[in-house]
Amino acid sequence: MTAIWAAIAAVWLSMHNWDTEESMKALAQAFTEQPAETEQQAPAEQEEPAVKEEQEATEETEQPEAQPEEETPAPAPTDATVYPEIDQLPSEPTIVNGILLANKQHPLPETYAPGESAEARAAFDTMAQAAAKDGLQLVAFSTYREFARQKQLYEGYVAKDGQEAADRYSARPGYSEHQTGLAFDIGEAGQEQHWASSSFGDTPGGKWVKENAHNYGFILRYPQGKEQITGYMHESWHFRYVGKEAATAIYNQNITLEEYLGI
């Protein structure tokens, strides 16, 4: 071992020109610099995870926030009191879920002339018989009207009250439910002063029909407060035949024909 150390010393001295002082300084410098290199490497190894975590945090922060889905605005409700601007009447009537529809947005062909519905007449007669048992004599004083007759009536109302007022209670030719043969204006015999008047709804006959018509397939076509939906002012005497199933559903839900058909 002594020989080995002596050989190492000899090599060391020869590297420094056999200068003992210089050799000792170099040896001391080697021992002092080595720990310094170790200290410099250690922080680098410790900082790498920290840098990685910082980058990940930055990436998470920079991710765009999820934007809420935009809601499609509901379409503005249609004002059913306004007639559409059309050049001519359609060639076919509008039928929705098996129900013939006639209102200000869905006119009938000028040539549509089915006459009074036999099914609706039979239903009315059955209803009138039931009302008679309660001492009420119902009368259908106006049912089917052809296009030409409706035109005559409407023009008379316009001449009397002006078009704006007439449009609230009378249909323009081609737009009337009476042309379908399914609309029945109902009154009570002996109570003619209430025919085609809102006062009919306050009479015993008017109240009876309103509460029982659905059992025979009829609905109160223009209820109070529904003008923006049906297009016409309240008519306590105007009933429309739609069949028992639809009439019962409309009555129980207290809705209009338009609401029932979803239009």
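- Side chain of Lys104 to main chain of Gly231: a donor-acceptor pair is present (N/O by atom type, distance under 3.5 Å, no hydrogens or angles).
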Intermediate values then yes/no, side-chain contact (heavy atoms from CB on, under 4.5 Å), Arg168 and Glu227 = CA-CA 9 Å; Arg168 292 193 62 201; Glu227 185 172 348; 2.8 Å; yes
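- The OG atom of Ser170 lies 8.5 Å from the CD atom of Glu235; values are rounded to the nearest 0.5 Å.
- Contact annotation: the side chain of Leu100 approaches that of Pro93 to within less than 4.5 Å [non-hydrogen atoms, C-beta and beyond].
- Going from atom OH of Tyr175 over to atom NE2 of His106 covers 11.0 Å, rounded to the nearest 0.5 Å.
- Closest of all the heavy-atom pairs between Tyr241 and Glu119 is OH-OE2, 2.7 Å.
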Check step by step if side-chain contact (heavy atoms from CB on, under 4.5 Å) holds for Ile250 and Thr248.
-> CA-CA 5 Å; Ile250 291 170; Thr248 300; over 6 Å; no
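- In this structure, the separation between NZ on Lys210 and CG on Asp202 is 9.5 Å, given to the nearest 0.5 Å.
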Would you check, one step at a time, whether the test side-chain contact (heavy atoms from CB on, under 4.5 Å) holds for Asp167 with Tyr83?
-> CA-CA 9 Å; Asp167 280 342; Tyr83 282 97; 3.7 Å; yes
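- Looking only at side-chain heavy atoms (C-beta outward), Pro173 and Glu155 stay at 4.5 Å or farther from each other.
- For the residue pair Ser176 and Gln179, no side-chain donor N or O sits within less than 3.5 Å of a side-chain acceptor on the partner.
- By the 4.5 Å heavy-atom criterion applied to side chains, Glu177 and Tyr222 are counted as neighbours.
- The cluster map of Ile, Leu, Val, Met, Phe, Trp and Tyr, joined by side-chain heavy atoms under 4.5 Å apart, puts Leu220 and Trp237 in the same cluster.
- Within 6.0 Å of atom CG in Asp134, more than 12 heavy atoms from other residues, nucleotides or ligands are found, so the atom counts as buried in its surroundings.
- Taken from OG in Ser117 to CZ in Phe124, the straight-line distance is 13.5 Å, to the nearest 0.5 Å.
- Between Glu188 and Val139 there is no side-chain heavy-atom pair separated by less than 4.5 Å.
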Derivation and outcome, side-chain contact (heavy atoms from CB on, under 4.5 Å), residues Arg221 and Leu257 | CA-CA 7 Å; Arg221 184 63 179 93; Leu257 179 59; 3.8 Å; yes
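- Among pairs with a residue in residues 135-144, those fulfilling side-chain hydrogen bond (donor to acceptor under 3.5 Å, both in side chains) read Glu116-Thr143, Ser142-Arg145, at least two apart in sequence or across chains.
- Thr230 has its side chain out of reach of Asn103: every pair of non-hydrogen atoms, C-beta onward, lies at least 4.5 Å apart.
- Contact check for Met127 versus Asn212: no side-chain heavy atoms found under the 4.5 Å cut-off.
- Distance check: Thr81 OG1 to Met233 CE gives 13.0 Å after rounding to the nearest 0.5 Å.
- With hydrophobic clusters built from ILVMFWY side chains whose heavy atoms lie under 4.5 angstrom apart, Leu101 shares a cluster with Ile255.
- Remark: side-chain polar atoms of Thr126 are paired, donor with acceptor, to backbone N or O of Ala122 under 3.5 angstrom.
- Taking both residues in full, the closest heavy atoms of Ser236 and Ser198 are given as OG-O, 3.4 Å, listed atom of the first, atom of the second, then distance.
- Summarising the geometry of Ala130 relative to Tyr216, their closest heavy-atom pair is CB-OH, 3.0 Å, with the distance given to 0.1 Å.
- For the atom pair CG (Leu108) and OG1 (Thr94), the distance works out to 7.5 Å, reported to the nearest 0.5 Å.
- Listed here is the closest heavy atom pair of Ala166 and Tyr154: CB-CE1, 4.3 Å.
- No side-chain donor-acceptor contact under 3.5 Å links His178 and Glu146.
- Counting heavy atoms from C-beta on, the side chains of Tyr260 and Ile99 come closer than 4.5 Å.
- Using a cutoff of 4.0 Å between basic side-chain nitrogens and carboxylate oxygens, Glu258 and Lys226 are not scored as salt-bridged.
- In summary, the aromatic rings of Tyr169 and Tyr232 are positioned with their centroids too far apart to meet the 6.0 Å limit.
- At most 12 heavy atoms of other shown residues, nucleotides or ligands fall within 6.0 angstrom of atom CD in Gln224.
- Around atom CD of Gln193, more than 12 heavy atoms belonging to other residues, nucleotides or ligands sit under 6.0 Å away.
- Between the side chains of Glu211 and Tyr251, at least one donor N or O lies within less than 3.5 Å of an accepting N or O.
- Checked against Phe141 for a ring-ring contact (aromatic ring centres under 6.0 Å, His included), the options Phe200, Phe239, Trp195 give a single hit: Trp195.
- Within the 3.5 Å criterion, the main-chain N or O of Gln88 finds no donor-acceptor partner in the side chain of Glu110.
- Using a 4.5 Å heavy-atom threshold, the side chains of Gln228 and Asp79 count as touching.
- The heavy-atom pair separating Gly174 from Leu89 by the smallest distance is CA-CD1, 4.1 Å.
- A cation-pi arrangement is absent between Arg240 and Phe218 under the rule of less than 6.0 angstrom and at most 45 degrees off the ring axis.
- Cluster annotation: Ile263 is not connected to Val82 through the hydrophobic network of ILVMFWY side chains, with a link wherever side-chain heavy atoms come within less than 4.5 Å.
- Between Leu138 and Gly205, the shortest heavy-atom distance links the atoms CD2-O, 4.4 Å.
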